[in-house]
Number of protein chains: 2
Amino acid sequence: MITIKEIAKMANVSAATVSHVINGTAKISPETTKRVMDVINKVNYKPNSIAKSLKIKRTNTIGIITEDITVFNTPEIINGINEHAENCGYHIILNNLRLYKRIGNNYKDTSKFTDLVSDIVGDLVNRQVDGIIYVGAHCRDITGLIENVSVPIVYTYCYTNNESDISIYYDDELAAYEATKYLIMNNHRKIGVITGSLSSIQCQERLKGYQRALFDNNILFNPQYMKIGNWELEQGYLAAKELLSLSDAPTAIFSMNDVMAGGVIEAAKELGISIPKELSLVGFDNRECSYSYSPKLTTMSLPLYEIGKKGAEILIKMINDKKSSKAPHDQNNTENKIKLNCVLIQRESVFENPDKSFKIS
Amino acid sequence: MITIKEIAKMANVSAATVSHVINGTAKISPETTKRVMDVINKVNYKPNSIAKSLKIKRTNTIGIITEDITVFNTPEIINGINEHAENCGYHIILNNLRLYKRIGNNYKDTSKFTDLVSDIVGDLVNRQVDGIIYVGAHCRDITGLIENVSVPIVYTYCYTNNESDISIYYDDELAAYEATKYLIMNNHRKIGVITGSLSSIQCQERLKGYQRALFDNNILFNPQYMKIGNWELEQGYLAAKELLSLSDAPTAIFSMNDVMAGGVIEAAKELGISIPKELSLVGFDNRECSYSYSPKLTTMSLPLYEIGKKGAEILIKMINDKKSSKAPHDQNNTENKIKLNCVLIQRESVFENPDKSFKIS
DNA sequence: CTGAAAGCGCTTACAG
DNA sequence: CTGAAAGCGCTTACAG
C-alpha cells in the first residue's frame, strides 16, 4: 500500500503539499501541482480513507439498519437512500436485523430486539458513522427501540411518538381516499371495501380514507359493503364472494392490499363476472403480483424510493447542521413526522361504470 | 468522544494496559483488570474502530457490490452474506449500482458500466475493505468487468471465464432435470415445456436438463411439446393454449419461469382444464407470485440465501488465508466455479397421473 | 507558495 | 504484570 509520504518523496515535496494538492486546501503553484499529480497518476495512488477519517473525525458514511431486507418495501427504500447518499459522497454500512428469521411475527413487540438493536447502534457509532437511518419492515410505532444515540438518526417506514424524532412514512388515509375517489370518478357509487386486520393502524387509516371519499361525494356508507379481511388471498376470495352475491352487489371493490385483490379476481372468475367490465377493482401496495394478475391490477403504489431519498436528504442535512453547529433539526419549525403520498398506478382493472344515473358532474 | 487515554487516566494505568484488558493481548492482574473494566462500564466506553483499523490494517469489513438491489434475487443473497459475515464479526459496506435505472436492459453489455464499477471498487479498496462480493442481477458471464483488485473478491449470481476467479451460482441444468423428473415420478410421460428466450444460457441449460430427464426415463422427446416463450406471462398463455389444443395434449407442463406459469394457469382456466387434476404444472424461480396463484404453484426455488452464505464463507476464508499468507485459494485444488442446487417447492399444481399404463416401477 | 511538526485514537514490540 | 514510546496514514494550524 502506497502512502502520501512516498508520493511526497517521489515528487520532491512534503506530505503536506501532497495533501493540499489532493484536497485543494492551499494554493500550490501550478508546477508543483503538476509534478505531484503526475506521480499520483503514475502510481495510481489513492489516499487511505481510514487514516483520513481518523484525522478529520468524519467518515462520510451513514449506517442503515434494516429490520428485514427480504421484506418487499426495503430494497426500494435502500435504493432511494443509496442514490442520494452517493450523490453527496456518502457511503453506506448496512446492518440487517433479519427480524423475520429471528423473531418471526413478533416484530410488533420491540422489546424482543431492543438489545440487538442497541448493540448494532453502538457498533455503528464506534465505526464512526455520521448518522443512521432505520428502515422498518412494517409501518408501526417503535418508540423506545433506540435511545441516547450520539449521532443523528432518521426513521423510515415506521415512527416514534417522540416529537423530536424524525420519521418518514406514507399517508395511508390519503392513499385510500384517492383510491376510492378514483372509483367514484369512474362513476361507481356502490363501492365495496375489503379491509386488512382491523387491529392494524394501516387498516384503520385506510378505512377512514375510504369513508371520507364516500362522504365528500355524498355517498352513504353501506356497512354491507365492508368486509373484514386479514391481508391474505383466501379472505379476499371469501369476502368477494359475499359482496358479489349481495342482492344489490357493488360495481367496484377497493381491496386494502394486492394479495386479497388476487382473491377477488379469482372469485369474480368463478362467478363469471368480468373484471373490469362488470366489476372494477383497485388494490394497494403495487406488489410484484399485482402486475402478474389478469387483468393487471390498478393499485396504489407506495412511495418507497421517495421515502429512502427523503430520509437520506434529511439525515445528511442534519449531519451538516451538526457539523456547522447550527440549531438541531427538531428546533426548526419543520414538521418531524413526514408523510409522503402514494400514487395510483392505472392498469387494467377499472372501467367506467356505464350507468349514467350516477354520473357526477 | 471518550478515548483510551482518558480511561487509562481514570483507572490509573497506561493506555497499553487498557488496550490489553480489552483485547486480552497480555496477562493483566485481576485487580487492575477489574479497575479498568469498572471505569469502562461506568462511562460506557467503546473503542474507536477507525483508529484500531488504521493501526492493525484490517477493518473487518467486506464490500458488497450489487448490480441492482431491487431485483428479486438480491435481497436474499445479501441476507445470506450478512448472516455469515455477522457471525464472523464482519461488517458490510453496500454499494448498489442501480443498473436498471442507469442502463436499463443493457446489463449484458458490461462495457457500459466498467468505469462505474472500477470507481466503486477503487473506493472500496481505499476504505480498506478486507474483501469484496459482487452480486449479479442476472446470472451471466461478466468477464473483464473487474480487474487487478488488491483484495480477494468473489462473484455471486454471475461468473467469469477466468479460472482463478471464484464464482457461485446455481445449477440450471440439474434444476430443470429435477423438475422434469418430478413430473415423471408423478406418472407423467407427455410433458410439455415452455422455454424462455432461446438465446439465454439459462434457457439452454434448462432445456438440456429437461431432455436429459426424458432420456434417462426412456421418454422420447416430442418437438411438438416444446414451445418457445420469452419469460413473459402472455407467451406462457399462448404457448399453453397451443399445447393444450394438441390432439395428443400433454398431461403436464414445465414452465421455465413462474411468470409464464401464470399464463398457463390462465389458459387452463379458460379451457376448463383443471390444474392439477387434469394438468400438472411446475414453474421455476419461486417468485412471490408463485405463491399467489391459484392453485399455488409447485416450483423450483433458487438457492439465493445459500449463494450469499457460501460467498461469505469463501471470501472470509480467503481473507484469513491471505492474512496468514497461505497459498491463495485458486492454487488449492478446489473448484472455483461453484454451482449450488435448486430445491423443489411442492405446492398444489402437480397431481399424480392416474393413467396406469405409464406407471414406472 | 511550501514544509516541519503535532496529533487523530488506537496497538504492539520491547524493556523492566 | 505494566508502561513508555513508536507508529498506522493522513490533515492542519503555524511559521517562514
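Every chain is numbered from 1 and lettered A, B, ... according to where its sequence line falls, protein lines coming before strand lines.
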Would you jot down, in residue-number order, the residues of [range] having a non-hydrogen atom under 4.0 Å from DNA chain C?
range: residues 6-18 of chain B; value: Ala16(B)
range: residues 118-129 of chain A; value: none
range: residues 25-35 of chain B; value: none

Span of DNA chain D engaged by chain B, first through last nucleotide within the 4.0 Å heavy-atom cut-off, is dC1(D) to dG9(D)

Next on the checklist: Tyr305(A) vs Glu83(A), test: side chain to side chain contact (heavy atoms under 4.5 Å, CB included). Steps then yes/no.
Outcome noted: CA-CA 9 Å; Tyr305(A) 176 86; Glu83(A) 177 155 350; 2.6 Å; yes

Give [X] one of three labels, base, sugar-phosphate or nothing, depending on what nucleic acid heavy atoms sit under 4.0 Å from its own.
X: Lys57(A); result: sugar-phosphate
X: Ser19(A); result: base
X: Ile56(B); result: sugar-phosphate

Could you list the donor-acceptor pairs under 3.5 angstrom formed between side-chain atoms of residues 17-28 of chain A and any protein atom two or more places apart in sequence or on another chain?
residue: Thr17(A); atom: OG1; partner: Ser14(A); partner atom: OG; Å: 3.2
residue: Ser19(A); atom: OG; partner: Asn23(A); partner atom: ND2; Å: 3.4
residue: His20(A); atom: ND1; partner: Ala16(A); partner atom: O; Å: 3.1
residue: Asn23(A); atom: OD1; partner: Lys52(A); partner atom: NZ; Å: 3.3
residue: Asn23(A); atom: ND2; partner: Ser19(A); partner atom: O; Å: 3.0

| query | Do you know which of Thr66(A), Ile142(A), Asn95(A), Ile64(A) makes side chain to side chain contact (heavy atoms under 4.5 Å, CB included) with Tyr134(A)? | reply |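 By the side chain to side chain contact (heavy atoms under 4.5 Å, CB included) criterion, Tyr134(A) pairs with just one of Thr66(A), Ile142(A), Asn95(A), Ile64(A): Ile142(A).
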
Does a side chain donor of either Thr61(B) or Arg127(A) reach within less than 3.5 Å of an acceptor in the other side chain?
yes

Query raised in the report: Under 3.5 Å, is there a donor-acceptor pair between the Asn12(B) and Arg35(B) side chains?
Result: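 No.
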
How about [atom1] on [X], more than 12 heavy atoms from neighbouring residues, nucleotides or ligands closer than 6.0 Å, or not?
X: Lys5(A); atom1: NZ; answer: no
X: Lys112(A); atom1: NZ; answer: no
X: Lys101(A); atom1: NZ; answer: yes

With pairs taken as Watson-Crick or G-U wobble and both distances under 3.5 angstrom, which stems of at least three consecutive pairs involve DNA chain C?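 Only these stems qualify: C:1-3 with D:14-16, C:5-12 with D:5-12, C:14-16 with D:1-3.
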
